[in-house]
Structure formats: C-alpha cells, structure tokens
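Please read the structure below before turning to the comments.
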Amino acid sequence: MQRSNWDRIYEVIARIPAGKVATYGQIAHLAGLPGHARQVGYALAATPDELDLPWQRVINAKGEVSPRSEPGYEGLQRAMLESEGIAFSPLGRIDLKRYQWSP
DNA sequence: TTTATGGCTGTCA
DNA sequence: ATGACAGCCATAA
C-alpha cells in the first residue's frame, strides 16, 4: 500500500490541536519530509475541505495565513483562527512563539 | 515519458 | 524588518 506523502501530511495536520498553528516547514518535518514544505502547501491546496482538515491552522513561516488562489479565504481562515482563540497582530500576523504547535 | 504549476522555505543584502 | 533568488517534489495532463 503506497500511502502518498499527502496522507502523512494530513495526519500531522489532523493532529494540530485547536488554538494552535503550525508552519508548512514544521508540518513537513513532522511528516518526515524535511524541506518539502512546498509539497505540504500544495497538498492542502488540492485537499478537499470535506476531510475536516484544519488547514486553517496551517500558516507560512512568516506567521501569516497563506494567500489562497481564491481571495476571501484569507479572511475566512483568519476568522476561524480567531474563533479558536488565536490572536492576530494588527498586521494580520500570528505570534508563532505563542501559538506555534509544539509536538 | 516529459512539461508545467504550485497556499513554501531559507539565505543574503 | 523587508525584498529578491534559487531549490525541492508530487500531481495532473
């Protein structure tokens, strides 16, 4: 059974607790794909939101939500994170030191 | 099989 | 702190 790396990425993302966020690089590393952050982002981009994957908790290394191909999601993602208790900086950035998920 | 694309990361100035 | 450059790999056609 060849489980694509995507599945592993999904597993890691699914383990992110509410109120916490993780960067693509971190997820890639936890998934056993160090340096393949791009793959993580692409996996999420192609991931149907029906899998209940908290892709909203996945942010880039800058601590900001990744601008999706379609505008609007950015605000939605921010709203979801705020709903979980994550505070955003006035510039729309998240304090990774405080909200970055620590496995 | 090859080509093209993509929600990024890390380093340097 | 921000801006620019190159590199990595999987999916889809």
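In the text below, chain A, chain B and the rest are named by the order of the sequence lines, each starting its count at 1. Values below: all heavy atoms of this structure, side chains included; hydrogens, waters and symmetry mates excluded.
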Supply the atom-to-atom distance A:T23 OG1 to A:K62 NZ, rounded to the nearest 0.5 angstrom.
->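 A:T23 OG1 to A:K62 NZ: 13.0 Å, rounded to 0.5 Å.
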
Query raised in the report: Any Lys/Arg nitrogen of A:E84 or A:R57 sitting under 4.0 Å from an Asp/Glu carboxylate oxygen of the other?
Result: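 Judged by the 4.0 Å cut-off on N to carboxylate O distance, A:E84 and A:R57 do form a salt bridge.
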
**Request:** Flag the pair A:E82 and A:R78 as a salt bridge only when some basic side-chain nitrogen lies within less than 4.0 angstrom of an acidic carboxylate oxygen.
**Result:**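 Counted as a salt bridge, because a side-chain N and a carboxylate O are separated by less than 4.0 Å.
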
Measure from [atom1] on [X] to [atom2] on [N] and round the result to the nearest Å.
| X | N | atom1 | atom2 | result |
| --- | --- | --- | --- | --- |
| A:D7 | C:dC9 | CG | P | 19 Å |
| A:W6 | C:dA10 | CH2 | P | 11 Å |
| A:Q39 | B:dT5 | CD | C1' | 11 Å |
| A:E64 | B:dC8 | CD | P | 11 Å |
| A:R8 | C:dC9 | CZ | P | 14 Å |
| A:I27 | C:dC8 | CD1 | C1' | 17 Å |
| A:H29 | C:dC9 | NE2 | C1' | 18 Å |
| A:Y24 | B:dG10 | OH | P | 14 Å |

From the options [options], select the nucleotide whose nearest atom is closest to the side chain of [X].
| X | options | answer |
| --- | --- | --- |
| A:A61 | C:dA10, B:dG10, C:dG7 | B:dG10 |
| A:R38 | B:dC8, B:dG7, C:dC9 | B:dC8 |
| A:T23 | B:dT9, C:dC9, B:dC8 | B:dT9 |
| A:H36 | C:dC9, C:dA10, B:dG7 | C:dC9 |
| A:N60 | C:dT11, C:dC8, B:dT9 | B:dT9 |

Answer for the Watson-Crick or wobble partner of C:dC8, both distances under 3.5 Å, is none

Pairing partner of B:dG7, by Watson-Crick or G-U wobble and under 3.5 Å for both distances, is none

Going by the angle between their ring planes, with limits at 30° and 60°, are A:Y42 and A:W6 parallel, tilted or perpendicular? perpendicular

_When you measure only distances, ignoring hydrogens and angles, does the side chain of A:Y73 come within 3.5 Å of the base of B:dG7 through a donor and an acceptor?_
no

Exercise. Are A:H36 and A:Y24 side-chain neighbours, meaning at least one heavy-atom pair lies under 4.5 Å?
Worked result: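 A:H36 does not reach A:Y24 side chain to side chain.
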
| query | Which part of the nucleic acid does A:V58 contact within heavy-atom distance under 4.0 Å: base, sugar-phosphate only, or nothing? | reply | base

Contact class for A:Q56 (heavy atom, under 4.0 Å): base, sugar-phosphate, or nothing? nothing

Assert: residue with more 5' nearest nucleotide on DNA chain C, out of A:R93 and A:Y42, is A:R93

